[in-house]
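Report on the following structure.
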Amino acid sequence: MIHPLFLALLRVALVSGLDAPSAAVDDYDVLQYVNPLIGSTNGGNVFAGATIPYGMAKAVADTDSPSRQGGFTFDNSNITGFSSLHDSGTGGQPSLGNFPLFPYVSCTDDKVNGCTYPKRTRKTTYDRDSVVASPGYFGLTLSSGIQVHMTATHHTSLFRFRVASGQTTSPLILLDLTDLSDSRQDNGTIFVDETTGRLTGYARFLPSFGSGSYVPYFCADFDSDAGIRDNGIFVNSRADTSVKNLTVSRSINGYPLPAGGFVRFNHNVNHTILARVGLSFISTAQACRNAEDEIPNFDFDATRSAAVNVWTRKLAPIRVSRTGVGSSVLTNFYSGIYRTMVNPQDYTGENPLWRSAEPYFDSFYCLWDSFRSQLPFLTIVDPSAVSRMVRSLIDTQRHLGWLPDCRMSLCKESLLGYTQGGSNADVVLADAYVKGLSEGIDWDNGYAAVQKDAEVEPYDWSNEGRGGLASWRILNYIPVEDFDYLGFGTMTRSVSRTLEYSYNDFTIAQMARGLNKTGDAEKYEATSRYWQNLFRADQTSVISGADTGFKGFFQPRNLNGTWGYQDPMACSNIDGSGRACSLQNTGAETFESSLWEYQFFTPHDMLTLVTLLGGPAEFTRRLDYLHDRNITYIGNEPSFLTVFQYHYAGRPGKSTARAHFYIPRFFSPTPAGLPGNDDSGAMGSFVAMTMMGLFPNPGQNVYLITAPFFEAVDITSPLTNRTAKVRTVNFDPTYQSIYIQSATLNGEPYSRNWISHDFFTEGGELVLTLGRNESRWGTSADDLPPSLPVVAPGPSVDDI
Ligand SMILES: *[C@@H]1O[C@H](CO)[C@@H](O)[C@H](O)[C@H]1NC(C)=O
Ligand SMILES: *[C@@H]1O[C@H](CO)[C@@H](O)[C@H](O)[C@H]1NC(C)=O
Ligand SMILES: *[C@@H]1O[C@H](CO)[C@@H](O)[C@H](O)[C@H]1NC(C)=O
Ligand SMILES: *[C@@H]1O[C@H](CO)[C@@H](O)[C@H](O)[C@H]1NC(C)=O
Ligand SMILES: *[C@@H]1O[C@H](CO)[C@@H](O)[C@H](O)[C@H]1NC(C)=O
Ligand SMILES: *[C@@H]1O[C@H](CO)[C@@H](O)[C@H](O)[C@H]1NC(C)=O
Ligand SMILES: *[C@@H]1O[C@H](CO)[C@@H](O)[C@H](O)[C@H]1NC(C)=O
Ligand SMILES: *[C@@H]1O[C@H](CO)[C@@H](O)[C@H](O)[C@H]1NC(C)=O
Ligand SMILES: *[C@@H]1O[C@H](CO)[C@@H](O)[C@H](O)[C@H]1NC(C)=O
């Protein structure tokens with residue numbers, strides 16, 4: 001234990017600027033702290049398998065769990081196969097999971113018809129203790145005794161099947177023309193090369209949360225000491241070695257007809273069989289080329305160590321001090337970071353929809369989730385990747401007319417419906433713009449793309465852009481049951497759409513300022529305040545029969561200007577009514593959350609909001625009520641910013657306390673440790689940024705400062721090689737002393753409770769002295785993050 005006098009002396013030294021605490025952050029292997037199984041059950045839906053950052057090939061065991069969106073679910077479900085395309089953490093239907101392999105030790109009576117082909121009947125249990133998962137690697141042992149391990153390159157997975165039964169066997173591996181959702185359409189096709197056993201083919205499938213369809217291609221090769229015995233195709237439950245090519249119908253009974261190919265291996269005592277599966281969205285030839293280029297020699301260990309190296313490089317920019325914290329805290333943190341780079345997926349060169357020299361990313365699932373902290377986080381640690389994503393979004397707009405909200409499997413969202421709220425690609429572009437990303441980005445085109453969202457209503461705004469623009473211009477809000485004959489979409493979510501469109505406009509205004517389009521900037525700043533038109537000053541909230549005592553909430557408004565009504569707690573975490581709150585056409589006026597939570601969504605106009613809600617003390621009391629009464633649900637993204645919005649009421653200490661309220665209680669490093677869908681890494685980024693003590697207000701050049709969960713954090717900018725260092729004095733790993741008492745930046749006193757992106761690009765040292773109680777630090781008006789100035793929005797303000 002450190003003597004208090006020493007700490008006092010240290011503080012004196014600090015104040016006099018003699019010496020900063022030099023809690024050096026040593027380097028170490030971070031991958032030991034990455035557990036890809038976090039969120040693999042309990043609805044986290046993460047992809048737990050082998051991939052490289054943003055990789056297209058994602059190899060894992062698939063299960064028959066009802067919650068198999070990411071392929072492998074660590075519950076008591078059974079294994080249906082091992083496939084190579086996946087998404088991570090998504091809702092909707094199970095995504096991808098195409099062309100699974102499935103191995104048999106041998107077939108009954110040594111006949112190919114002695115093996116079981118359909119997924120429903122072949123699925124099998126596995127040894128739970130055998131499951132291993134680490135970056136670039138996944139494996140388990142089936143109850144048949146076959147050990148299956150896998151690794152991946154960008155477009156190719158490599159599976160290793162080990163059969164060691166002690167007897168002479170002739171294993172069979174089948175490849176099934178199916179996917180996780182059983183969505184195969186007509187004419188799935190496979191070719192079997194008799195000599196080499198190479199299996200190639202393709203099929204058309206449906207996206208998990210989108211309109212249209214997509215066609216993936218595969219090229220599977222096998223490598224085995226025993227050599228290939230024979231091969232052929234199967235249809236339904238029957239197989240034959242004399243038939244080598246197959247094109248199969250969808251069939252008419254809902255479940256596509258089981259069909260595919262197989263390869264059998266010569267009799268041997270023990271077998272190690274490598275299966276290399278190349279993938280493409282262009283052609284089987286390209287799938288084969290990808291495989292041959294990326295894994296020429298079937299070298300499993302070399303492929304795995306290349307994956308480990310690329311993950312090590314990607315995680316290199318961030319190191320935290322391990323002093324005092326256990327591996328559980330470190331695993332929570334680094335695994336969160338890891339998950340931010342699993343999706344989106346880099347499909348550059350694999351886009352069949354248009355020809356372009358620009359990068360192409362897919363699996364934005366959805367930007368409504370990832371704009372809040374995932375893409376801002378990557379802007380710090382992997383800015384080149386974000387620049388490529390932004391270029392891809394702009395190029396998508398160039399070729400399809402609109403920026404996407406959701407985009408997966410080369411399709412735009414729309415199966416269930418729709419863009420979830422606003423045109424939040426605007427926030428993504430603005431965030432990158434205000435943080436100075438420039439590598440190859442054409443910002444004139446970027447600005448034109450976001451401006452189109454604000455100005456032009458698409459015919460089908462369930463997929464893109466915004467609806468109700470005529471009402472927006474005339475009424476200055478989106479009304480309930482809008483009259484909209486210009487474009488079409490689901491007429492719900494009028495309140496959350498109004499709030500999101502307002503914020504989208506603010507972010508566009510910032511881009512306009514930067515581009516010297518002053519007129520546009522003023523225009524969009526003005527429209528960014530339209531949220532105020534839905535504030536009903538006399539609205540109360542009754543929960544379980546008791547008045548909460550708070551007055552003033554957003555409410556829906558009609559076309560004729562009169563108020564509609566939605567209970568402020570409807571669609572909250574504690575609303576047990578079962579009402580529709582998502583994209584159903586009977587859905588509420590708020591999307592996937594309550595008016596209670598959406599009342600805080602004015603990220604740019606916080607001074608006015610705090611004023612409207614009764615001033616800083618009342619605002620703080622309300623935010624406490626939101627969290628303490630479980631009204632908010634930390635497992636969905638609208639909650640993220642509310643954890644930190646105490647900053648805007650001059651109570652930054654309460655933001656830190658709230659961060660500890662949620663982590664690790666709702667986010668822990670176990671398979672069941674996530675409170676909801678990881679949403680392509682959105683939850684992972686929440687954990688990472690919260691624990692590093694710098695949370696973004698996305699779309700603005702603002703990070704809200706809280707005490708990190710570590711004694712020290714180093715973040716080195718890959719663009720400049722400069723290091724942003726956060727150091728704490730009096731770090732307390734029991735998290736009793738979590739309140740910032742004072743701060744210095746590069747040795748100078750620093751009282752603002754936020755910092756801008758320069759900290760990361762220029763580097764510097766932010767020293768936070770911690771104590772057990774809230775302090776005056778960061779509390780005065782000058783210390784608060786930027787906000788539009790208070791503007792009285794109407795008569796309601798006079799009441800305050
Ligand atoms: C998995 O398969 C085993 C053996 O067939 C069966 O007993 C078990 O119920 C299956 N598990 C699930 C969740 O269906
Ligand atoms: C086959 O594998 C078994 C189990 O791993 C091992 O004991 C045996 O020595 C192996 N036999 C041969 C011929 O490699
Ligand atoms: C399937 O193939 C047949 C024969 O080539 C063709 O007529 C039909 O249009 C195809 N169906 C689809 C859905 O592509
Ligand atoms: C099977 O497909 C291969 C590859 O396209 C082709 O060369 C061959 O002629 C086909 N065989 C039959 C019997 O259709
Ligand atoms: C905007 O104007 C300022 C001041 O004239 C200038 O320094 C800056 O380069 C301009 N920016 C752009 C993007 O044109
Ligand atoms: C305004 O519209 C609402 C909803 O359509 C309707 O119930 C109400 O009667 C209208 N009020 C007036 C004054 O027209
Ligand atoms: C909130 O939920 C937690 C469990 O997640 C429970 O322990 C607590 O009692 C709840 N609080 C209220 C006020 O309902
Ligand atoms: C950053 O460091 C790397 C590796 O040392 C070097 O290759 C790169 O050029 C440096 N970049 C800058 C901007 O200094
Ligand atoms: C800190 O807060 C505790 C209660 O949480 C209180 O007992 C103590 O007096 C406070 N210390 C100071 C220095 O204000």
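If you're wondering where the values come from, they're calculated on a predicted model, not measured in any experiment. Counting convention: from 1, in listed order, for ligands and their atoms alike.
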For Asp628, the ligand 7 atoms with a heavy-atom partner under 4.0 Å come out as 13 (C)
Looking at atom 7 (O) of ligand 7, would you say a protein heavy atom lies below 4.0 Å from it? no
When you measure from atom 14 (O) of ligand 7 to every protein heavy atom, which one gives the shortest distance, and what is it? Asn630 ND2, 3.4 Å
Distance-only donor-acceptor check, side chains Thr189 and Thr247, under 3.5 Å: yes
Please identify which of these residues, Asp176, Leu174, Ile233, Asn236, meets the side chain to side chain contact (heavy atoms under 4.5 Å, CB included) condition with Tyr117. Leu174
So is Ile574 close enough to ligand 7, meaning a heavy atom under 4.0 angstrom away? no
Ignoring hydrogens and geometry beyond distance, is a side-chain donor-acceptor pair present between Asp624 and Tyr646 at under 3.5 Å? yes
Tell me whether atom 11 (N) of ligand 3 lies less than 4.0 Å from at least one protein heavy-atom position. yes
In the protein, which heavy atom is nearest to atom 9 (O) of ligand 3, and how far is it? Asn187 ND2, 4.7 Å
Can we say Asp628 and Arg658 salt-bridge, meaning some charged N sits less than 4.0 Å from an Asp/Glu carboxylate O? yes
Could you identify the single nearest non-hydrogen protein atom to atom 13 (C) of ligand 5 and state the distance to 0.1 Å? Gly514 O, 3.5 Å
Can you list the atoms of ligand 3 that are under 4.0 Å from a heavy atom of Asp186? 11 (N), 13 (C)
Using distance alone, with no hydrogens and no angle criterion, decide if Thr73 and Asp75 have a side-chain donor and acceptor under 3.5 Å apart. no
Please determine if Asp395 and Arg391 form a salt bridge, counting it only when a charged side-chain N lies under 4.0 Å from a carboxylate O. no
Can you check atom 2 (O) of ligand 3: any protein non-hydrogen atom closer than 4.0 Å? yes
Assert yes or no for the condition that the ring centre distance of Tyr625 to Phe550 is strictly below 6.0 Å. yes
Give me the nearest non-hydrogen protein atom to atom 5 (O) of ligand 5 as residue plus atom name, then the distance to 0.1 Å. Asn516 ND2, 4.6 Å
